[in-house]
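Here the structure is laid out as structure tokens; the discussion comes afterwards.
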Amino acid sequence: MKKIFKPLLYLSTLLLGTSCTDLDETLYSQLNKNNFYNNKVEVMQAALRPFTHMQAWLAPTGQNGYYYHAELSADQVAWPQKGRHGYDGGDHFRLHYHTWTDNEGRMRSCWNLLWTGVGFINSALQDLEGLDYGKLGISDSEKNAIIAELKVLRAFHYMKMMELWGNIPIATKVGEPLNPETKPRAEVFNFIKTELEANVPNLLPYSKQLIGRVSAAAGYAMLAELYLNAEYFVGTPMWDQAIQACDKIISGQAGGLNGTPKLASNLKDTFSNRNQNADEALFQFAFSRSGGFTFDWGGFYMGYDNIKEVLNIDFGGWNAFVVIPSAFDAYKENDLRKKEWFLFGPQYKYGTNTPVLGTEEWSGKPLVYVNSIRRESEGDLTSEGDMSKGEENSGARFNKYQAGLLSDPNYRENHYIIYRLTEIYFIKAEALMRKNNGAATQEAVDLINASKKRAFTDADWEKEKYTTTTLTLDELLAEKGREFIFEGKRRTDIIRHGRYTKGTWWDHKPTNDPNKEIFAIPHTQIAANPNLKQNPGY
């Protein structure tokens, strides 16, 4: 822990010049606030540094952060062994089976990434406290918004850490205390709640000028998520507060990229390579290939290099994450999401009927993605398979974010969406149902139907839409899973619904161990900080 809270420098590549004839040179081996914060641009560079760091642990870009642990320990996505590839010491297996230990290398990385983010924020806040904003051309309202952004972003970090580890330290100053002690989850929850409630009202409404920053829309989405999970986290339902936070967004009071946010009219726009100003986006990472900051989901989600021929792209992946068979089975055949968001079945060279060929178990034979994880190349066509028996074509594959063609001027310009309006509809609907003893109100039905309608043709819609009878809490969870697959939301949802340790899915039996609802604090951190206390059951 001591190293996590060291002061962090901001712009190590800042260009600093001196005269070649001046022998009294100034030493620039370190940057500090005395020689850095000279204008509004430099203030914003410091304030935004924690946000750019956050993509390393939150987005599916190949880092071992929150996203990796949230997806692979839930019931929709897995990283099975595929022949000679993917065992990796068994860490993906342990996540899937909920048999992890306190000595997981990827969990140590996750801990370090998140706490480094908190360190960036605390360091920035301390640096910004004593500045003369008037001299820098920054108004009081702008200053308050900048400080509020950092505090809300810090609360978001703590919310995600609380989800993973439950009981964690609270540190708001760099290096103070040197060895912070573990706080119980209830105290951490109250810290997050207090910070959000105090600072979200000071955030600026979301607009195109605030892409890549924390706006009021992002802040109220965080509050809605926190309130939705309050009963699980601290035993106190906060359904009314969740509804109120959702209404701030739905009404347009919190802003939007194109005025009041609205649902996308189709399944693709929110995730396309032209989603920079998506109507339903509330909080997003502003990735850009042309800007040198590409959203690289390929490592986790793309197949081997032969996938380039299928999609007419220039990147492959590790052939890592696949859709769990039971999760793919959750989609009806007439659900348009099953066609639009996945790669499945025979794979052809782009624009042709020429099959793409396999390179491992199916070398020289047509590559066909199947909804099974077993050794079909060896004749096993009937078993349920398991995590150790995958092949290069096992499982339906990710195609929710699409890069576009190599010739597309927006090729790989996709932003990563952290919160979108559809999630706010689901949060409000669930809160309404929870208030109503689990039964659907007509308002809850209308909210979910507004989302689901995009997934079916007009001809199918009448028999697929929900009613107050068919929309149960179980069905709400199932539909949310279908809508938000690959978006890093599933673990928290199935914990809140009591399914995480008690549920059964493909090659996963219930542990019935409530201690597994939170992860072990890495033993290396406990060794470094004697004030840390390990979570129960580890």
Salt-bridged, D88 to R106, with N to O below 4.0 Å? yes

Does the distance from a Lys or Arg side-chain N to an Asp or Glu carboxylate O, for K428 and E423, drop under 4.0 Å? no

Could you tell me if the ring centre of F295 sits under 6.0 Å from that of Y401? yes

Looking only at side-chain N and O atoms, does Q284 offer a donor or acceptor that is under 3.5 Å from a partner on H415? yes

Do N319 and H85 come within less than 4.5 Å of each other through their side chains, counting heavy atoms only? no

Do F486 and V77 touch side chain to side chain, with heavy atoms closer than 4.5 Å? yes

Can you find a pair of side-chain heavy atoms, one from T294 and one from S288, that are under 4.5 Å apart? no

Check: R491 side chain, K489 main-chain N or O, donor-acceptor pair, under 3.5 Å: no

Check: I249 and L282 side chains under 4.5 Å, non-hydrogen atoms: yes

Between Q347 and V368, is there a side-chain heavy-atom distance shorter than 4.5 Å? no

Distance-only side-chain donor-acceptor flag, E483 / T422, under 3.5 Å: no

Does D458 CG have over 12 foreign heavy atoms under 6.0 Å away? no

Can you spot which of T101, D102, N103 makes a side chain to side chain donor-acceptor pair (under 3.5 Å) with H523? N103

Side chains of S272 and N275 only: does a donor on one sit below 3.5 Å from an acceptor on the other? no

Is the Y369 to F344 ring centre distance short of 6.0 Å? no

The reported gap from OG in S451 to CZ in R420 (rounded to nearest 0.5 angstrom) is 6.5 Å

Quiz question: by atom type and distance under 3.5 Å, do the side chains of S207 and Q209 form a donor-acceptor pair? yes

Calculate, to the nearest 0.5 Å, the distance between atoms CZ and CD1 belonging to R108 and I521 respectively. 14.5 Å

Tell me yes or no: between the side chains of D329 and N371, is some donor less than 3.5 Å from an acceptor? yes

Compare all side-chain heavy atoms of F271 with those of Q402 and state whether any distance is below 4.5 angstrom. no

Taking the six-membered ring of F315 as reference, does the NZ or CZ atom of K308 fall below 6.0 Å from its centre and within a 45° cone about the axis? no

Strictly under 6.0 Å, is that where the ring centroids of F328 and F342 end up? yes

Going by atom types only, do W79 and Y87 share a side-chain donor-acceptor pair under 3.5 Å? no

Quiz question: by atom type and distance under 3.5 Å, do the side chains of W362 and E392 form a donor-acceptor pair? no

Enclosure of K349 NZ (heavy-atom neighbours >12, cutoff 6.0 Å): no

Kindly state whether the ring of F484 and the ring of F426 have centres lying under 6.0 angstrom apart. yes

Closer than 4.0 angstrom, basic N to acidic O: yes or no for D386 and K389? yes

Can a side-chain donor-acceptor contact be found between Y348 and E309 if the only test is distance below 3.5 angstrom? no

Ring centers of H69, F519 separated by less than 6.0 Å: yes

Between W115 and Y158, is the ring centre distance below 6.0 Å? yes

salt_bridge(D493, K480) N-O dist < 4.0 Å: yes

Please check if any side-chain donor atom of Y416 sits under 3.5 Å from a side-chain acceptor atom of Q55, or the reverse. no

Can you confirm whether E475 is buried at CD, in the sense that more than 12 heavy atoms of other residues, nucleotides or ligands lie under 6.0 Å from that atom? yes

Assess whether a salt bridge exists between E71 and R490, defined as any Lys/Arg side-chain N lying under 4.0 Å from an Asp/Glu carboxylate O. no

Do Y500 and H98 make the cut of ring centroids closer than 6.0 angstrom? yes

Can you tell which of W57, Y66, W111 makes a ring pair (Phe, Tyr, Trp, His ring centres under 6.0 Å) with H157? W57

Ring centres under 6.0 angstrom apart (Y220, F283): no

Report yes or no: do N266 and R454 form a side-chain donor-acceptor pair below 3.5 Å? no

Find out whether the Lys NZ or Arg CZ of K400 is both under 6.0 angstrom from the six-membered ring centre of W297 and within 45° of the ring's axis. no

May I ask you to say whether D460 pairs ionically with K332, meaning some side-chain N is under 4.0 Å from a carboxylate O? no

Exercise: do H92 and Q81 side chains pair donor with acceptor under 3.5 Å: no

Would you mind reporting whether R496 and L228 have side-chain heavy atoms less than 4.5 Å apart? yes

Pair K82 + E360: basic N to acidic O under 4.0 Å: no

